[in-house]
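Being a predicted model, the structure only gives us computed values, none of them experimental. Hydrogens, waters and symmetry mates are skipped; everything else that's a heavy atom, side chains included, is used.
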Amino acid sequence: MKKKVFYTELSYALGLIIMAFAAAFTEKADFGMSMVVAPAYILHLKMSQFLPWFTFGVAEYFFQGLLVLATIIVMRKFRLSYLLSFVTAVLYGTMLDCAMKIIAPLPESAFVVRVLWYILGTVLCSFAVSLFFHTYLSPEAYELIVKELSTKYKLNINKVKTAYDCVSTVLGVVLSFAFFGFGVFEGVKLGTVICAFINGFLIGRFSK
């Protein structure tokens, strides 16, 4: 039986597009963003009040730029792939803003419809991350830091991903409280918590 080949360049391109629509559908569902993008989304909600041009997409590559710096500090070295990861973040942020405009006309008032958007966004997000994990091209900073940590400390990448997701969820809660007041959950809701615990599992299944 002839072995099928899946090119990593295709994995990279599909990962960018699918991730953009995943975030757009999750935002439309309004059950809470995925734990990975929650901090950037909350930053967007706050900054856009003063800077209209600070879109969700802009907030994404701004926050990911900070993550790239954090990766350099943790790994104690600089690689060209780290810079290219930021380029990926810019491409993703641009696609995200486009995706949000494309799905804007879709209905969102009915609860069952919002559940559908949430499920679609969560599944697409996990699939996109698994695609990024299987390409030699620089992934987003979210996936970059997970790959680098798992490689450096020889840890299971799916477990590192789950741990990172949980840390990101806590950060989202802290930012929500800091920007909008204690007890106010903006961008971090029940859907965020659910996603934090099932995302690593889904990524593992898609990877296989």
Side-chain angles (χ1 to χ4, degrees), residues 19-74 85-86 89-90 92-93 96-97 99-100 103-104 108-109 111 114-115 117-126 128-129 140-146 148-149 158-203:
M19 181 64 80
F21 277 93
F25 276 116
T26 305
E27 193 276 339
K28 197 172 189 64
D30 194 29
F31 288 126
M33 300 302 298
S34 75
M35 55 282 139
V36 172
V37 303
Y41 180 68
I42 295 169
L43 187 63
H44 151 65
L45 291 179
K46 183 64 177 180
M47 296 302 295
S48 61
Q49 295 177 358
F50 312 100
L51 304 172
W53 53 266
F54 202 86
T55 62
F56 190 5
V58 172
E60 273 286 3
Y61 54 78
F62 174 82
F63 185 76
Q64 289 193 49
L66 297 179
L67 280 180
V68 170
L69 290 177
T71 302
I72 294 173
I73 293 172
V74 171
S85 180
F86 179 69
V90 174
Y92 162 68
L96 173 56
D97 285 339
M100 291 188 67
I103 72 168
E108 59 186 58
S109 57
F111 179 80
R114 291 172 55 209
V115 171
W117 297 152
Y118 173 77
I119 294 174
L120 183 59
T122 300
V123 172
L124 288 178
C125 178
S126 299
V129 172
E140 292 186 273
Y142 302 127
E143 285 71 51
L144 173 71
I145 193 169
V146 169
E148 291 295 292
L149 288 175
N158 293 323
K159 292 182 179 179
V160 175
K161 172 60 178 171
T162 299
Y164 175 82
D165 289 348
C166 292
V167 171
S168 186
T169 301
V170 173
L171 177 59
V173 172
V174 171
L175 289 177
S176 181
F177 288 178
F179 290 158
F180 303 102
F182 184 77
V184 178
F185 293 90
E186 287 288 351
V188 181
K189 302 178 182 179
L190 179 60
T192 306
V193 177
I194 293 174
C195 189
F197 285 99
I198 67 173
N199 201 36
F201 171 79
L202 290 176
I203 291 170

(message) Between L175 and L43, is there a side-chain heavy-atom distance shorter than 4.5 Å?
(response) no
(request) Indicate the atoms forming the closest heavy-atom contact of I42 with V188, along with that distance. (result) CD1-CG2, 3.6 Å
(request) List in chain and number order the residues that pass ring pair (Phe, Tyr, Trp, His ring centres under 6.0 Å) with F25, two or more places apart in sequence or in another chain; answer none if no residue qualifies. (result) W117
(request) Compare every heavy atom of G187 with every heavy atom of A38, then report the nearest pair and how far apart it is. (result) CB-O, 4.2 Å
(request) Heavy atoms only: give me the nearest A141-L67 pair and the separation to one decimal. (result) CB-CB, 3.8 Å
(message) I need the minimum non-hydrogen distance between A23 and L96, along with the two atoms involved.
(response) CB-CD1, 3.7 Å
(message) So Y164 and L149, do their side chains get closer than 4.5 Å, heavy atoms only?
(response) no
(message) Distance check, rounded to the nearest 0.5 Å: I103 atom CD1 versus F21 atom CZ?
(response) 7.5 Å
(message) Once rounded to the nearest 0.5 Å, what's the spacing between atom CE of M47 and atom CZ of F62?
(response) 7.5 Å
(request) Write down the atom of E27, the atom of Y41, and the distance for their closest heavy-atom approach. (result) OE2-OH, 3.1 Å
(request) Could you tell me whether the side chain of M19 reaches within less than 4.5 Å of the side chain of C125, counting heavy atoms only? (result) yes
(request) Would you check if the distance from the ring center of Y92 to the ring center of Y61 is below 6.0 Å? (result) no
(message) Donor-acceptor pair, distance only, cut-off 3.5 Å: does the side chain of T26 make one with the backbone of S34?
(response) no
(request) Apply side-chain hydrogen bond (donor to acceptor under 3.5 Å, both in side chains) to Q64 and list each qualifying residue two or more places apart in sequence or on a separate chain. (result) E60, E140
(request) Look up atom OG in S48 and atom CH2 in W53, then write down how far apart they are to the nearest 0.5 Å. (result) 11.0 Å
(request) Measure from the ring center of F111 to the ring center of Y118 and say whether it is less than 6.0 Å. (result) no
Without placing hydrogens or testing angles, list every side-chain donor-acceptor pair under 3.5 Å for residues 176-186, not counting sequence neighbours.
{"residue": "S176", "atom": "OG", "partner": "V184", "partner atom": "O", "Å": "2.5"}
{"residue": "S176", "atom": "OG", "partner": "E186", "partner atom": "N", "Å": "2.8"}

(request) Starting at OG1 of T71, measure out to CG of L66 and round the result to the nearest 0.5 Å. (result) 11.0 Å
(request) Look up atom CG in L124 and atom CG in L120, then write down how far apart they are to the nearest 0.5 Å. (result) 4.5 Å
(request) State whether the side chain of T122 and the backbone N or O of C195 hold a donor-acceptor pair below 3.5 Å, judged by distance alone. (result) no
(request) Look up atom CD in E108 and atom CG in D30, then write down how far apart they are to the nearest 0.5 Å. (result) 8.0 Å
(request) Kindly give the heavy-atom pair with the smallest separation between A40 and A59, and that separation in Å. (result) O-CB, 3.3 Å
(message) Using a 3.5 Å distance criterion without hydrogens, assess whether the side chain of T192 forms a donor-acceptor pair with backbone atoms of M33.
(response) yes
(message) Looking at H44 and G57, would you say the former's side chain and the latter's main chain have a donor-acceptor pair under 3.5 Å?
(response) no
(request) Determine, step by step, whether L171 and M35 satisfy the side-chain contact (heavy atoms from CB on, under 4.5 Å) criterion, reporting the C-alpha distance in whole Å, the side-chain angles of both residues, the deciding distance to 0.1 Å, and the verdict. (result) CA-CA 9 Å; L171 177 59; M35 55 282 139; over 6 Å; no
(request) Using modelled atom types only, decide if a donor and an acceptor are shared between the side chain of T55 and the backbone of V58 within a distance under 3.5 Å. (result) yes
